[in-house]
Protein chains: 2
Amino acid sequence: MDKQTVTIYDVAREASVSMATVSRVVNGNANVKPATRKKVLDVIEKLDYRPNAVARGLASKKTTTVGVIVPDVTNMYFASLARGIDDVATMYKYNIILTNSDSNSEKEIKVLNTLLSKQVDGIVFMGNEITDKLREEFKRTKTPIVLAGSVDDEGTDPSVNIDYVAAVQEEVKNLIDRGNKRVAFVCGPLNQSINGKYRLKGYKQALKSAGIPYDDKLVFETDDTYKTGTLLQPALMAVNATAAMVTDDELAAGIMNGMSDADISVPNDFEVITSNDTKLTEMVRPKMSSITQPLYDIGAVAMRLLTKLMNNEPVEEKNVLLPYGLMKRESTK
Amino acid sequence: MDKQTVTIYDVAREASVSMATVSRVVNGNANVKPATRKKVLDVIEKLDYRPNAVARGLASKKTTTVGVIVPDVTNMYFASLARGIDDVATMYKYNIILTNSDSNSEKEIKVLNTLLSKQVDGIVFMGNEITDKLREEFKRTKTPIVLAGSVDDEGTDPSVNIDYVAAVQEEVKNLIDRGNKRVAFVCGPLNQSINGKYRLKGYKQALKSAGIPYDDKLVFETDDTYKTGTLLQPALMAVNATAAMVTDDELAAGIMNGMSDADISVPNDFEVITSNDTKLTEMVRPKMSSITQPLYDIGAVAMRLLTKLMNNEPVEEKNVLLPYGLMKRESTK
DNA sequence: GATTTACTTGAAAACGTTTTCAATTTGCTG
DNA sequence: CAGCAAATTGAAAACGTTTTCAAGTAAATC
């Protein structure tokens, strides 16, 4: 049934050398006489030999595979990061095992463990809340893990992010400077520290610098979905908000469409700023003003960082902050 | 450095049984006395033993990993399929190695081979053009491969799709019935058979049934991007088209926005129908009328089909067509 | 209670590589 | 051309499981 599997031993026999020598030429080891190398290469070609990566992994304890845990690839934000990760992974000869966690802590722990049992050489984790249990699992393994676009309060794990506090603070400040006295903060679950600790902090700081008292009626905790966004207009009006800082693009698109459907003009009657800078910002009308973040790069840099960790190379800074920007489009004045 | 790796041998010793017995309990083999099972389980717990999937893969020749080749996860269409694939993969205890091919034939062949060298148990392939070279590679391996949302002219490989011909024909017929004499067909690369052979065929058939002569000036071959869509309005007007059947949602969104920006009202002055039914159809204004296809399910069914193939189970139909629908939203009258 | 039959177990051989260590060649030096 | 260092090679032991086969043990039959 599978007699077509050619092994290193077959090649060795056919080329009348030892397995060791074949292994050397396959791995590009320099210590082999050119003539021998050619002979082996010819046989490899002739037999159509392909090294078995599993056996290789067992013998060398390296699988050239990394695990990627992501809440949901279907979300453009994470899809962009994943793409960045895969591209540099490919560049460094790694493959990625991609798993969706739905931000479910149990699932995260479960897939983390299957990933580890599969002996991945490293893991890049994207997730919004790192529970104690999860952090413990992280600590238990010696497999390097880096967080991408995901904050960890403790800062103990390597990570790649932007400065969420500063970005939100700056955008909210702009909103206030433009005359908005009541700026809503519409976010995903607050128990996710990226929202509850970082972005909210930026929001509060902006308020404070402007001498505006914090009013928790202006904070809307949602599930980050488009649908929810479309339903938010009445509540937003009820608290007299004239602008909103939103933490997710789909959510923001929902809000904008909800406003339009209620004949509230964006940006004239209501301004909205979003956070993730996915291509959705440009597709929606009016185009959404946004914090810009180098999504692809966050993934790419995270993966690059991981390669260093996997090779025990020194890393200058294990918590890297990439630059963000502010892009004015049409949903703000 | 890695003395923390507990092997099956360690638990065997600690539980005073043989490796074989430990292997049996780990694999849920029924032939082990309950008392022994418990003893082993306790030791496993105590030692925090985790089976090494690589060794397992080598010994059993099964990796419980499948390869997924996708043009670009960043495209919502493929992201949705990928999500469906991952979910049922998880359900059947598989993991997926996800690779982006950018629809580049060389890359596709390359990743196919690395996937095979990694001994994946199966592959689900998404790609728009199956070159002869690629088809040959497919044939060379005994690893099962199924196509998801991707047509193969030869129909030799298992696949899961919708009936693209019929869907397009039906939508174009509707457009014509509503009085559009000049319906444009805006698509991605025509050398991709899903466009050049299937969808275009549906378009032509609809024309024919309505007694309208085919005019290739109405066919716009593009690169499927949003950006390109935004630029298409002048060309569309130049050929007096009053409606367009578009093969990609981002492309369609671009066209619609391009129209709006030129003060052409959709759907009053120009109707557009799109094909992929991603969530973008609902986010854009006006919402896009679309062929609906069960994206998630295409992925899910493809993966389910693959599990059967991997287990040598009989499959009733290897080329499955899932039902499509027509969803009228706001971009058509 | 002697056989048979059905369960449980263990020993050891795969699985296909990498890697260590020693042996063998080869190439230089003087 | 002896003597030694450097370059090439090969033998065999890992790597951590699964799996086959035979042996041992408990249960069932008459």
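Numbers restart at 1 for each chain; the letters A, B, ... are given by sequence-line order, proteins then strands. All of these numbers come straight from a predicted model, not from anything done at the bench.
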Name the residue from B:Glu313, B:Glu317, B:Glu316 that meets the salt bridge (charged side-chain N to carboxylate O under 4.0 Å, His left out) definition with B:Lys308.
B:Glu316
Can you check the B:Leu58 CG to D:dA14 P distance for me, whole Å?
17 Å
From CD1 of B:Ile44 over to P of D:dT17, roughly how many Å is that when rounded to an integer?
10 Å
Do you see a donor-acceptor pair shorter than 3.5 Å between the side chains of B:Thr65 and B:Asn95?
no
So does A:Lys61 get a side-chain nitrogen or oxygen closer than 4.0 Å to the phosphate oxygens (OP1/OP2) of D:dA14?
no
Side-chain N or O of B:Ser23 closer than 4.0 Å to phosphate OP1/OP2 of D:dT18
yes
Qualifying side chain to side chain donor-acceptor pair (under 3.5 Å) pairs with a residue from residues 11-21 of chain A, counting only residues at least two apart or across chains:
A:Asp10-A:Arg13, A:Glu14-A:Lys46, A:Ser18-A:Thr21
Check the distance between C:dG16's P and A:Tyr9's OH and give it to me in whole angstrom.
13 Å
Can A:Val73 and A:Asn100 be said to form a side chain to side chain contact (heavy atoms under 4.5 Å, CB included), step by step?
CA-CA 7 Å; A:Val73 241; A:Asn100 297 91; 3.0 Å; yes
Knowing that exactly one of B:Val320, B:Leu306, B:Ile85, B:Val88 qualifies, which makes a side chain to side chain contact (heavy atoms under 4.5 Å, CB included) with B:Val301?
B:Val320
Any pair counted as salt bridge (Lys or Arg N to Asp or Glu O under 4.0 Å), so long as it reaches residues 143-157 of chain A, sequence neighbours left out
A:Arg135-A:Asp152, A:Arg135-A:Glu154, A:Asp153-A:Lys197
Can you list every ring pair (Phe, Tyr, Trp, His ring centres under 6.0 Å) pair that touches residues 83-138 of chain B, not counting sequence neighbours?
B:Phe125-B:Phe138
Among residues two or more places apart or on two chains, list those pairs meeting salt bridge (Lys or Arg N to Asp or Glu O under 4.0 Å) that have a residue in residues 27-39 of chain A.
A:Lys38-A:Asp42
For A:Glu137, what residues pass the side chain to side chain contact (heavy atoms under 4.5 Å, CB included) criterion, not counting sequence neighbours?
A:Ile109, A:Leu112, A:Asn113, A:Lys133, A:Arg140, B:Arg50
Can you measure B:Arg13 atom CZ to D:dG16 atom P for me and round it to whole angstrom units?
13 Å
Trace of the side chain to side chain contact (heavy atoms under 4.5 Å, CB included) decision for A:Leu147 with A:Ile130:
CA-CA 10 Å; A:Leu147 307 181; A:Ile130 298 181; 3.5 Å; yes
Interatomic distance, A:Ile96 atom CD1 to A:Ile69 atom CD1 [nearest 0.5 angstrom]:
12.0 Å
How would you list all residue pairs meeting salt bridge (Lys or Arg N to Asp or Glu O under 4.0 Å) that involve residues 108-123 of chain B, not counting sequence neighbours?
none
Could you write nucleotides 6-12 of chain D as a row of B, S and -, 5' to 3', where a protein heavy atom under 4.0 Å of any base atom gives B, of only sugar-phosphate atoms gives S, and otherwise -?
--SBBB-
Length of the CG-P vector between B:Asn29 and D:dT20, whole Å:
11 Å
When you measure from every atom of DNA chain C, which of residues 47-57 of chain B have a heavy atom less than 4.0 Å away?
none
Terminal helix-axis angle for the helix from C:dG1-D:dC30 to C:dG30-D:dC1, with five pairs defining each axis and rounding to 10 degrees:
30°
Between B:Gln119 (CD) and D:dT17 (P), how many Å, whole number?
19 Å
A:Asn27 has an atom CG; how far is it from atom P of C:dT17, in whole Å?
11 Å
Starting from P on D:dC15, measure out to CG on B:Asp10 and report it in whole angstrom.
11 Å
Strictly under 3.5 Å: I want the nitrogen or oxygen pairs between protein and nucleotides 22-24 of chain C, one per line.
none

May I have all residue pairs that pass side chain to side chain donor-acceptor pair (under 3.5 Å) and include part of residues 68-77 of chain B, sequence neighbours excluded?
A:Arg83-B:Asp72
Contacts of type side-chain hydrogen bond (donor to acceptor under 3.5 Å, both in side chains), residue B:Thr307, not counting sequence neighbours
B:Arg304
